[in-house]
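Proteins come first, then strands; the chains are lettered A, B, ... in the order of their sequence lines, and each starts at number 1. Heavy atoms only: backbone and side chains are in, while hydrogens, waters and symmetry mates are out.
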There are 2 protein chains.
Amino acid sequence: MTRERPPDRRVRRTKQRLDDALESLIIEKGYDKTTVQDLIDRADVGRSTFYAHYETKDDLLASWGDQLAAEMELQMAQQQTEAGSIMPSLALFRHMAEAHHVYKAMIGSRGGDIATAMVHSSLLRHATSGLERRPDAGNKTTIPIEVRAEFLTGSLFSLLTWWVDNDMPYPPESMDEMYQELTRTA
Amino acid sequence: MTRERPPDRRVRRTKQRLDDALESLIIEKGYDKTTVQDLIDRADVGRSTFYAHYETKDDLLASWGDQLAAEMELQMAQQQTEAGSIMPSLALFRHMAEAHHVYKAMIGSRGGDIATAMVHSSLLRHATSGLERRPDAGNKTTIPIEVRAEFLTGSLFSLLTWWVDNDMPYPPESMDEMYQELTRTA
DNA sequence: TCTGTATAGAACATCATGTCTGATACCGAA
DNA sequence: TTCGGTATCAGACATGATGTTCTATACAGA
């Protein structure tokens, strides 16, 4: 068991700066158009310093995205225990509402894919385990769980992105209700 | 009314070569990693020739994707008139099965986004008009058509991509049935 | 205070993109 | 078949982003 040493304060500062720079640049000009040069300028960090911590721009994005995902997981875990719903959809709608600047900026840019892929597996896990745990009262469908899980995940995603992209025309609670009703069959 | 002149035979040949090169390269190494240099090497075409016809790599992809979309539209239009279903899902599953090499190669690469975006609007149109035309027998939902259309489109997409990405474990007809059942509510 | 490590700054090689040139080959219409 | 218009080729070139490497300096933690 090798003891984890807390990172140097300088390292923490540098990473924090880069994270902040990334977020503001994503909102400002989108992930695609953001260059490494932009990042280190905004973060006021040396070029070699950047590459000392991250291999590529995508690497930074992934690391930054992990933090968002962690927050998300927290909120999802809460709803999971509360309601009997399979997907933690309400938590997701609320979470996206909070950070909507970022998500809207990422939709359509390549950063969206990376973020999407990161969250997708996590959501799919929720769906699968939720379906397995479910009493399945009066549900005589023969559709494999795999397919149903993918359906639940994909349709939720589509509503989430549509909603944010259209500047959230309905409150999170309404979106959640609609999603619940639309996926009654699954 | 300016009469449309058919393009020079040389132009046709060049574009055909580039289209072929694009398709084979997408399958071979993915869209992202394909460079303009790769394209013109494979197509055996001069660099300046490429830029005489397309502004960027994405431009070529879009033009090439239009052809796929056109084929798709054809198959979709047929099913539309036949069955009473809202979405031409069966036609889509069959279409993707035919060109699955290409689609699977594009899933996850940035090319996927561009292609996805192209098809998305077309599918959304189908969904919207289908919902408007529908008799709505015994359907007392208050969910706005916009949301339902997005739901139908998004969930269909997710099943399509999952299906192709997992090497089509079920026949197109089964996938279509499952999709129909899962979206009974909408 | 002292040692190890992170950082700055800048130079550098590499690679892909997109532009531009003039010479050549080809097309389609007369 | 000829001829004018145009597509193509080959290559050079400018540009901009990426990632590497170096040394001197600043700082953290013990």
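Look at A:Tyr51 and you'll find a side-chain N or O under 4.0 angstrom from OP1 or OP2 of D:dG19.
For A:Arg10, the side-chain hydrogen bond (donor to acceptor under 3.5 Å, both in side chains) criterion is met by A:Asp8, not counting sequence neighbours. Applying the side-chain hydrogen bond (donor to acceptor under 3.5 Å, both in side chains) rule to A:Lys57 yields no partners; only residues at least two apart in sequence or on another chain are considered.
Across the protein-nucleic acid pair, A:Asp58 atom CG and D:dG19 atom C1' stand 14 Å apart, rounded to whole Å. Taking atom CD of B:Glu55 as the reference point, atom P of C:dG18 lies 9 Å away to the nearest angstrom. Here the P atom of nucleotide D:dT18 and the NZ atom of B:Lys33 are 15 Å apart, to the nearest Å. Atom P of nucleotide C:dT17 and atom CG of B:Asp32 are separated by 12 Å, given to the nearest angstrom. B:Asp38 has its CG atom 14 Å from the P atom of C:dG18, to the nearest Å. To the nearest angstrom, P of C:dT19 lies 16 Å from OH of B:Tyr54. The distance between atom CZ of B:Phe50 and atom C1' of C:dA16, rounded to the nearest whole Å, is 12 Å. In this entry the distance linking NZ of A:Lys57 with P of D:dG16 reads 17 Å, nearest Å.
The OG1 atom of B:Thr34 lies 7.0 Å from the CG atom of B:Leu22; values are rounded to the nearest 0.5 Å. To the nearest 0.5 Å, atom CG of residue B:Leu152 and atom OH of residue B:Tyr179 are 4.5 Å apart. Rounding to the nearest 0.5 Å gives a distance of 11.0 Å between CG of B:Leu156 and CH2 of B:Trp163.
Each of B:Gln37 and B:Arg9 was assigned the nucleotide of DNA chain C with the nearest heavy atom; the assignment lying further toward the 5' end belongs to B:Gln37.
Residue pairs meeting the ring-ring contact (aromatic ring centres under 6.0 Å, His included) criterion with at least one member in residues 16-59 of chain B, sequence neighbours excluded, are B:Phe50-B:Tyr54.
Ionic pairing of B:Asp20 and B:Arg42 is not present here: no N-O contact between side-chain nitrogen and carboxylate oxygen is shorter than 4.0 angstrom.
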Donor-acceptor pairs under 3.5 angstrom involving side-chain atoms of residues 64-73 of chain B: please list them, not counting sequence neighbours.
| from | atom 1 | to | atom 2 | distance (Å) |
| --- | --- | --- | --- | --- |
| B:Gln67 | NE2 | B:Asp19 | OD2 | 3.0 |
| B:Glu73 | OE2 | B:Ser122 | OG | 2.7 |

Practice task
If a protein heavy atom is under 4.0 Å from the base, mark B; if only from the sugar-phosphate, S; if neither, -; do that for nucleotides 7-13 of chain C going 5' to 3'.
Solution key: SBB----
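By the neighbour-count criterion of 12 heavy atoms within 6.0 Å, atom CD of B:Glu146 is sparsely surrounded, having that number or fewer from other residues, nucleotides or ligands.
Summary of helix geometry: the two end axes of the helix from C:dT1-D:dA30 to C:dA30-D:dT1, each defined by five base pairs via their C1' atoms, are inclined to each other by 40° (rounded to 10°).
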